[in-house]
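This one's a predicted model, so the numbers in the text were calculated from it and none came from an experiment. Note: hydrogens, waters and symmetry copies are ignored here, and every other heavy atom, side chains too, is used. Order of appearance sets the numbers: ligands from 1, and atoms from 1 within every ligand.
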Amino acid sequence: MLSKKLENAINKQINAELWSAYLYLSMSNHYTHEGLSGVANWFTLQFHEEQEHAMKFMEYMAARGSKVELQPIEKVDTSWSTLKEAFEETLAHEKVVTGLINDLVTLAREEKDYATENMLQWFVSEQVEEEESVQEILDALNLIGDKGHAIYMFDKELGKRQE
Ligand code: FEO
């Protein structure tokens with residue numbers, strides 16, 4: 001059984017992961033509407049990944065005999081004026097999530113819950129990958145600018161993402 005503090009903190013994290021999923025789903029819908037199906041594909045896969053993160057936490061709670069209590073998911077934005085703005089927001093958001101995961105690790109240590117600390121290591125590594133992949137996209141956007149011809153190729157490239 002998890003401590004009450006950890007149980008509350010993981011329940012909050014599940015909400016943060018689902019909010020992330022909702023944010024990326026909104027971005028996906030925005031770019032579908034804008035005719036950038038490759039970018040929409042990238043955000044749809046990101047949406048799935050965030051749902052998987054939430055599921056991973058829920059399965060862990062169940063394994064430890066704790067009950068998941070889902071909370072309302074706050075509203076997200078529905079449009080972005082440039083691609084750069086959307087990916088900058090994505091990177092900023094992933095950095096916030098990294099901070100939340102680090103706080104969970106700190107709490108698990110304080111509670112001397114080493115199983116939870118061990119489970120969280122997967123998320124620590126995952127956040128490094130998440131930030132790196134978004135940074136790469138932003139680097140590309142900074143090179144090509146976020147309008148015009150090159151965006152066609154950029155969209156095709158993001159359309160290749162499969163997982
Ligand atoms: Fe679940 Fe993108 O962090």
Undergrad: Looking only at N, O or S atoms, find the one in Glu50 nearest to atom 2 (Fe) of ligand 1 and name it.
TA: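 Of the nitrogen, oxygen and sulfur atoms in Glu50, atom 2 (Fe) of ligand 1 lies nearest to OE2.
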
Undergrad: Would Glu126 count as a contact for atom 2 (Fe) of ligand 1, in the sense that one of its N, O or S atoms lies under 2.8 Å from it?
TA: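 Within the cut-off used here (under 2.8 Å), Glu126 places no N, O or S atom near atom 2 (Fe) of ligand 1.
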
Undergrad: Taking atom 2 (Fe) of ligand 1 as the vertex, measure the angle between atom OE2 in Glu94 and atom OE1 in Glu130; round to 10°.
TA: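 Rounded to 10°, it measures 100°.
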
Undergrad: Using 2.8 Å as the threshold, say whether any N, O or S atom from Glu49 sits that close to atom 2 (Fe) of ligand 1.
TA: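 It does not: Glu49 brings no N, O or S atom closer than 2.8 Å to atom 2 (Fe) of ligand 1.
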
Undergrad: Rounded to the nearest 10°, what angle sits at atom 1 (Fe) of ligand 1 between OE1 of Glu17 and ND1 of His53?
TA: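 The two atoms form an angle at the metal of about 100°.
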
Undergrad: Would you say the side chain of Tyr24 lies within less than 4.5 Å of the side chain of Thr44, judging by non-hydrogen atoms?
TA: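 With C-beta onward as the side chain, the pair stays apart.
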
Undergrad: Evaluate the ring planes of Phe123 and Phe57, with Trp represented by its six-membered ring, and classify them as parallel (under 30°), tilted (30 to 60°) or perpendicular (over 60°).
TA: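 Taking Phe57 first and then Phe123, their aromatic rings lie parallel (interplane angle under 30°).
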
Undergrad: Looking only at the side chains, is there a donor atom on one of His93 and Ser20 sitting less than 3.5 Å from an acceptor on the other?
TA: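 Result is yes, a qualifying pair exists.
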
Undergrad: For Glu89 and Trp80, test the side chains for any donor-to-acceptor distance below 3.5 angstrom and give the result as yes or no.
TA: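 Checked: Glu89/Trp80 side chains pair up, N/O donor to acceptor below 3.5 Å.
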
Undergrad: Would you check if Glu7 and Met1 make a side-chain contact, meaning some heavy-atom pair closer than 4.5 Å?
TA: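 Heavy-atom side-chain distance check passes, below 4.5 Å.
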
